[in-house]
Amino acid sequence: MHPRSSLAVLLLLHLLLHCTASAPLTTTSFLSQYSHFGSFSRYLAETGLANSLFDRTNLTVLAVDDAVISRLSGESRDVIRKVLSVHLVAGYYDLHKLRQLPNGRATLSTLFQENGNPQGSVEVAILRNGGVAFGSNRDVKLLNSFASHPHGISLLQISDLIMKPQSKGDGKCLVFCPPARAISKKSEALPIDTVFKLPSPLPTWPAGGGFAGGTIDFGGLLVHQTSSFSKVWAAYEGGADNRGATFFEPSSLPEGYFMFGSYAQPNNRPLSGWLLVGKDQTNDISNGTLKKPVDYSLIWSSNSSKIKQDGSGYIWSPIPPDGYKAVGHVVTTSPGKPSLDKIRCVRSDLTDQCETETRIWGFNGNPLSVYSSRASNREVGALAVSAGTFIAQNGQPSSSPLSCLRNANHNISAMPNQSQIEALIKAYSPIVYFHPDEAYLPSSVDWFFTNGGLLYTKGQESNPVPVEATGSNLPLGGSNDGAYWLDLPLDGAAKDRVKKGYLQSAQAYVHVKPMLGATFTDIAIWLFYPFNGAAKAKVKFINLSLGRIGEHVGDWEHVTLRISNFDGQLWNVYFSEHGAGIWKGVSELEFQNANKFVVYASLHGHAAFFQPGTFLQGSDGVGMRNDVKKSSMFLDTGANYSIIAADHLGPSAVPVLPWLNYCREWGPRADYDAADEMQKVAKALPGKLKTALANAISGLPPEVLKQEGPTGPKMKPNWNGDEA
Ligand SMILES: *[C@@H]1O[C@H](CO)[C@@H](O)[C@H](O)[C@H]1NC(C)=O
Ligand SMILES: *[C@@H]1O[C@H](CO)[C@@H](O)[C@H](O)[C@H]1NC(C)=O
Ligand SMILES: *[C@@H]1O[C@H](CO)[C@@H](O)[C@H](O)[C@H]1NC(C)=O
Ligand SMILES: *[C@@H]1O[C@H](CO)[C@@H](O)[C@H](O)[C@H]1NC(C)=O
Ligand SMILES: *[C@@H]1O[C@H](CO)[C@@H](O)[C@H](O)[C@H]1NC(C)=O
Ligand SMILES: *[C@@H]1O[C@H](CO)[C@@H](O)[C@H](O)[C@H]1NC(C)=O
Ligand SMILES: *[C@@H]1O[C@H](CO)[C@@H](O)[C@H](O)[C@H]1NC(C)=O
């Protein structure tokens, strides 16, 4: 066992002995350990609920912090008791159990129901982004999970109180429906009041071709991207951080251009987004590329909602003429239908299938959900692109869903050429920071090969061969059939040296791809690490080394930049994290040195993160840790990079590195047994924590605990497709 883990186990035993000596936990004493739930526990006591909870097991407490619970101040004891009893769930649910819910959702029984109110259940759903949301509108978010298995009490911190809607019949409040005034927020400046700008103005891109030309011809339909918006309507509650959302339309359009629909964004971040607008170039009156809608239907209105808002908002769907499709909604602030001239529908052959992406807005007790949209087909080279418009659903998904646009021209002339790609890399290439304790740094691929990387052939294990600098003696093509693999040098000293990598040699390997109808360029930046160190776990407050679990030879990691071909602006970055990952908007990045941004590589595992900290994969404070932090070790990916593929430039534009077409694994199958290692680590842990650790580990994506070397960039799903 690793010396650090035996120390951890000792500490843990000490902690446990100490705990078992103290009085058994009651719900309130459990809660009172967490100082920010002081008022919540006090309210439980004052309303008598605490008494009825004494000795109760199989309970989940949905608690809110002092700032949120202050919304109840001034309410009667009876109302407070009712509200709190909706937050006491009969049954034990920790994060792990929530994640196992069939279909990712459930209706949970609460103590409010047990007191004779049949409608008092609480809905819970696992969101597409992995988050957990409560309430019928999913706008109350899970912030934190604390659990005490031995007593069957789980404590979940949620972002807001769960309010029950008005009951249908008599219009009387079911639980707590204070007048709008009582819950209105103080008027405060919101993040969205600021328009996000990159730290430096965009450079002048090298001229030539259609890149950064401002417009792209989709085939009789000229398309332009705009970010100058005027605000139409805003709501100040619901949605992300309960700060509401704002709806915009383009503020001034070039001559002959029309909007396809409005833009919406949560208020909790600076305004940063775009819409596509279009101009019909056909002069064809009967069958042009754009047509006015024939009418509008009202999807939803806020006029009877008691939320804090600017006047009232009305969301409309254009009804397209035959042969045309609607691509966005119109938002107005009065009940009259918008002018038919306000928007254009698009001829069907220039449209494609669209889908909801992330939820932008909605609020408790109301069936409306507003989502961002994205094209359903996002393969490399696919023709569909969202117009940047939002999708509104009032309860059910609409029977006539909105469409995305389609670059029917099949024209990639707006893609950057080689000198433009180089200018983009110079402008945006990220700086990758390694953790101060990192022992396994990246290297170039040729450094790995020329410093002792070996090629093994199945059946001839005793006879590995050194690999040429470019990989020219590797078996190329074929499939990942286990017939060959790479490994570290055999000699102990050489092996240890190669494992550590060699930062000075490291190169960024760049793959450039046309995305979303060639309206965007994706630049995937790959780094190679000769070795991926062991995973570390966290069991409550204890750091635990997982023996050799997670160790493997050869590690490929990437981030992907999504850049507009209309003007060369960076809009999104994908951070890959152990076979999964996350897209971040440009306004969420940490910039350093003009428009270059920071990427944090996690300790040992090298997963990419956009901010420093410790990110736990697991639940209840038990799981695999990803530690990321700045240190003096970093790599400027723009300083030494190599474009490994840019197919749109033509077959001979980019010299092919032989190793790119090596399709087998970059490391051997594990020479340790993960189950044995796990047993060694878990053996010394007390029973409950052993189970908690085992549960947390078994819930991780397989990539995290990978035992064999990965395949190279070209074998990854994102080579020909969108990021996960
Ligand atoms: C707690 O829940 C478990 C599993 O659902 C069940 O087996 C057990 O009987 C419950 N205990 C109590 C006291 O309700
Ligand atoms: C990019 O395109 C422009 C215009 O066609 C041309 O002048 C320039 O040489 C091209 N650069 C490269 C590297 O192909
Ligand atoms: C309109 O133009 C499209 C694209 O050229 C074509 O597919 C369609 O058949 C035309 N419709 C009519 C009514 O002419
Ligand atoms: C809200 O708007 C709808 C649609 O225009 C209208 O029918 C309804 O009367 C309005 N309600 C109120 C309270 O203004
Ligand atoms: C592609 O678009 C460019 C710019 O609009 C145009 O010059 C070129 O002719 C188009 N190519 C094809 C094959 O349509
Ligand atoms: C870039 O990296 C390669 C591979 O390690 C190395 O051969 C080359 O000298 C480096 N170039 C610069 C300018 O550092
Ligand atoms: C756990 O490990 C992290 C990262 O190495 C370190 O920052 C932290 O102080 C450690 N905590 C304990 C309690 O050892």
Side-chain angles (χ1 to χ4, degrees), residues 203-225 254 256-257 276 278-282 289 349-350 381 383 385 405-427 429 431-432 441-453 467-472 497-498 500-510 512 514 517-519 521 523 525-530 563 565-568 634-655 657-660:
T204 307
W205 307 113
F211 176 71
T215 59
I216 297 177
D217 184 356
F218 279 24
L221 172 63
L222 208 53
V223 175
H224 169 69
Q225 185 184 36
Y257 280 83
L276 300 184
K279 179 179 179 178
D280 181 6
Q281 286 199 298
T282 60
T289 53
D349 58 306
L350 290 159
L383 301 177
V385 60
L405 297 175
R406 178 180 171 87
N407 184 352
N409 224 0
H410 293 251
N411 190 331
I412 58 161
S413 67
M415 287 295 291
N417 76 4
Q418 192 132 5
S419 38
Q420 291 159 341
I421 291 169
E422 277 161 16
L424 290 170
I425 294 173
K426 185 166 176 231
S429 52
I431 297 155
V432 181
L441 292 162
S443 76
S444 69
V445 168
D446 74 21
W447 184 88
F448 174 61
F449 291 160
T450 52
N451 282 271
V467 185
E468 303 287 334
T470 59
S472 56
R497 192 169 72 89
V498 173
K500 293 192 178 94
Y502 185 48
L503 189 52
Q504 286 82 337
S505 77
Q507 266 194 315
Y509 300 105
V510 175
V512 186
T519 55
T521 297
I523 299 185
I525 298 183
W526 290 90
L527 293 185
F528 175 72
Y529 300 75
I563 295 165
N565 289 341
F566 291 96
D567 60 358
F634 63 86
L635 177 66
D636 177 351
T637 57
N640 192 350
Y641 64 90
S642 160
I643 298 175
I644 54 172
D647 291 348
H648 71 280
L649 295 179
S652 54
V654 173
L657 290 165
W659 58 255
L660 187 63

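Numbering of ligands and ligand atoms starts at 1, following listing order. Side-chain atoms are counted along with the backbone in the values below, which use heavy atoms only and exclude waters and symmetry mates. None of the values given here were measured: they were computed from a predicted structure.
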Visitor: Against Ile421, only a single residue in Ile563, Leu649, Thr521 fulfils side chain to side chain contact (heavy atoms under 4.5 Å, CB included); can you say which?
Guide: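 Of the listed residues Ile563, Leu649, Thr521, the side chain to side chain contact (heavy atoms under 4.5 Å, CB included) partner of Ile421 is Leu649.
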Visitor: Only heavy atoms of Ser444, strictly under 4.0 Å: list the atoms of ligand 6 that pass.
Guide: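 In order of numbering, the contacting atoms are 4 (C), 5 (O).
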Visitor: Could you give me the CA-CA distance, side-chain angles and deciding distance for Phe528 and Tyr509, then say whether ring pair (Phe, Tyr, Trp, His ring centres under 6.0 Å) is met?
Guide: CA-CA 8 Å; Phe528 175 72; Tyr509 300 105; 8.0 Å; no
Visitor: Numbering the atoms of ligand 6 from 1, which are under 4.0 Å from a heavy atom of Ser505?
Guide: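 With Ser505 as reference, the close atoms of ligand 6 come out as 2 (O), 4 (C), 5 (O).
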Visitor: Distance from His224 atom NE2 to Phe566 atom CZ, nearest 0.5 Å?
Guide: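 Atom-to-atom, His224:NE2 and Phe566:CZ are 8.5 Å apart.
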Visitor: Can you tell me how far apart CG (Leu350) and OG1 (Thr289) are? Round to the nearest 0.5 Å.
Guide: 6.0 Å
Visitor: Ligand 5 and Asn411, any nitrogen or oxygen pair closer than 3.5 angstrom?
Guide: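 Yes.
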Visitor: Quick check against the 3.5 Å criterion: does Trp205 have a side-chain atom that pairs as donor or acceptor with the backbone of Ser419?
Guide: no
Visitor: So, Gln420 side chain and Gly208 main chain: donor-acceptor pair closer than 3.5 Å or not?
Guide: yes
Visitor: Considering the heavy atoms of Asn640, write down every atom of ligand 6 situated less than 4.0 Å from one of them.
Guide: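 Numbered from 1, ligand 6 contributes 1 (C), 2 (O), 3 (C), 8 (C), 10 (C), 11 (N), 12 (C), 14 (O).
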Visitor: Taking His648 for the side chain and Pro416 for the main chain, is one N or O donor matched with an acceptor at less than 3.5 Å?
Guide: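 Yes, the answer is positive, given that a donor and an acceptor are paired below the 3.5 Å cut-off.
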Visitor: State, with a plain yes or no, whether a side-chain heavy atom of Val510 is found less than 4.5 Å away from one of Ile523.
Guide: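 When only atoms from C-beta onward are counted, Ile523 and Val510 do touch, with a gap below 4.5 Å.
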Visitor: What does the N/O contact table under 3.5 Å look like for ligand 2?
Guide:
residue, atom, partner, partner atom, Å
ligand 2, 2 (O), Asn417, ND2, 2.2
ligand 2, 11 (N), Asn417, ND2, 3.0
ligand 2, 11 (N), Ser419, OG, 2.9
ligand 2, 14 (O), Asn417, ND2, 3.4

